[in-house]
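Working notes, beginning with the structure itself.
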Protein chains: 2
Amino acid sequence: MSATAERVARSTVNKFAQRRQMLAESALKAIAEQGYAETGLRAIAQHSELSHGSLHYYFEDKDDLIALAVWNYKSECARRYDDIIATARTPEEFADRFASTMTGTLRDEATLHRLWYDLRNQAMFNTGFRDTIVAIDDLLQEMVWAVVSRFAELEGVAPALTPPLAYALFDGVFQNTLIRFLRGDTQAVENLSIEVRGLLKSALA
Amino acid sequence: MSATAERVARSTVNKFAQRRQMLAESALKAIAEQGYAETGLRAIAQHSELSHGSLHYYFEDKDDLIALAVWNYKSECARRYDDIIATARTPEEFADRFASTMTGTLRDEATLHRLWYDLRNQAMFNTGFRDTIVAIDDLLQEMVWAVVSRFAELEGVAPALTPPLAYALFDGVFQNTLIRFLRGDTQAVENLSIEVRGLLKSALA
DNA sequence: GCAATTCTCGGACAGGCGTCAAAAAAACAC
DNA sequence: GTGTTTTTTTGACGCCTGTCCGAGAATTGC
């Protein structure tokens, strides 16, 4: 077991773990701005209150830091629709809340979603944080499936597609809209709200 | 007008233009292997028969080179289904040939498609070759729309979605399958063949 | 054949990268 | 308050980056 891994294991909520979280957040901000390829450890440190040398005191290497950063943010993302799934009482309410939550996060956290797609792409080339990316991908697929199957339940029918396909479709529409939005197409976000409702319905048997 | 741009304009099929094409191909190979972030001009030069110093004789800068490389490959991709659109006589033949062509290129040129998604992501951060990426995106959307509307024509009905949505759905499924395939999931490619047929049908009114 | 042009190479440049280590600073124990 | 441990900084390391330049090679024009 390495030195940093030891420190992680020794305590979960002490200052060491808190510092890791803080630095992971700083990394998130930096990469969200500049992208993985253009963001160095010094840029990440400048987004925090520590110097670049300290990063290796809290993390094995750059990949270790980035893995925690993206995990923190994106595993939270995957829980964003839990409340809707649990409390929506009609298909209409469900679809409305789902669509507005999705368009909302796309609008408000566009650079963070951009970061996710950036890192997922990097994971196609580097093995560094691939495991984390795969784990998040699984989480997101489960989330989409929970949404689709709950909607089907409210409609009283069965889903008409598989979990992977459902994820691929919603992710495709989301990513496509994000790209258009970042290119200045604000209309795309409004269309997303409609398209997502249509997708939900066409996912039923 | 810059020096290199002058040379481009002066002649289209002379040695200068040929060298540009050759170097663009070398760049394509290099980036397909390592990814944009990890590929330097020296690595590109090593995939060619020239030295790294010559690249600036034929290209303004790195972005200029990459723009030509991805344009060469991907604008060709966008014409890959033209023959099917022109010659398929029944909806069944159309869907079969479309699905098998798509799964074929995914299998055989996986690293090149990975490169495309890599560069499209980079264009979300850098303005360097963004115009080229946007132009290709438009081309691909037109291609998908030509596919969908021709299939609808063969079926004797109208398409039930917009061009941007159609592109988003097919691109989402393709990208998702590519990722799974590169992670070692060979089953995903076979599923794609089925899913694409389903998508075609659900795109009709 | 010579002269002019086109092309290619290899090295230099400034600057950035991830990583590491020594020393200074801070926090803690007693 | 002193001694010990934890935390942080600073600066260095070797390597790589995109770009540029000068010298030489190859090609062309006549």
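Order of the sequence lines sets the chain letters (A, B, ...), proteins ahead of strands, with each chain counted from 1.
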For the pair made of CG in A/Leu50 and P in D/dT6, what is the distance, rounded to whole Å?
17 Å
What ring-ring contact (aromatic ring centres under 6.0 Å, His included) pairs are there with at least one residue in residues 183-205 of chain A, not counting sequence neighbours?
none
I need the CG-C1' distance between A/Asn126 and C/dC17, as an integer number of Å.
15 Å
From CG of A/Leu55 over to C1' of D/dT9, roughly how many Å is that when rounded to an integer?
12 Å
Is there a donor in the side chain of B/His47 and an acceptor in the side chain of B/Glu25, or the other way round, less than 3.5 Å apart?
no
Can you confirm whether the side chains of A/Thr87 and A/Arg97 place a donor and an acceptor under 3.5 Å from each other?
yes
Using ring pair (Phe, Tyr, Trp, His ring centres under 6.0 Å) as the criterion, list what pairs up with A/Phe151, not counting sequence neighbours.
A/Phe94
If the condition is side chain to side chain donor-acceptor pair (under 3.5 Å), which residues does B/Asp82 pass it with, not counting sequence neighbours?
none
Considering only distance and modelled atom types, tabulate donor-acceptor pairs under 3.5 Å from the side chains of residues 172-179 of chain A, sequence neighbours left out.
residue	atom	partner	partner atom	Å
A/Asn176	OD1	A/Arg180	NE	2.7
A/Asn176	OD1	A/Arg180	NH2	3.3
A/Thr177	OG1	A/Val173	O	2.7

Quick one: is A/Arg19 getting a side-chain N or O under 4.0 Å of the D/dT8 phosphate, OP1 or OP2?
yes
Side chain to side chain donor-acceptor pair (under 3.5 Å) filter on A/Thr105, not counting sequence neighbours, yields A/Arg80, A/Glu109, A/His113
Nucleotide by nucleotide, nucleotides 10-28 of chain D touches protein heavy atoms under 4.0 Å in the pattern (B base, S sugar-phosphate only, - none) BBB----BBBB--------
Quickly work out the A/Gln46 CD to D/dT9 P distance and round it to whole Å.
12 Å
List for me each residue that meets salt bridge (Lys or Arg N to Asp or Glu O under 4.0 Å) alongside B/Glu142, sequence neighbours excluded, and say none if there are none.
none
Between P of D/dT8 and CZ of A/Arg20, the distance in whole Å:
14 Å
Whole Å only: how far is the OH atom of A/Tyr58 from the P atom of D/dT6?
12 Å
Under the ring pair (Phe, Tyr, Trp, His ring centres under 6.0 Å) rule, collect the residues that match up with B/Tyr36, sequence neighbours excluded.
B/Phe129
Indicate whether OP1 or OP2 belonging to C/dC7 is found under 4.0 Å from a side-chain N or O atom of B/Tyr57.
yes
In whole Å, what is the span from the CD atom of B/Glu49 to the P atom of C/dT8?
9 Å
Roughly what angle, to 10°, lies between the helix axis at the start of the helix from C/dG1-D/dC30 to C/dC30-D/dG1 and the one at its end, five pairs per end?
10°
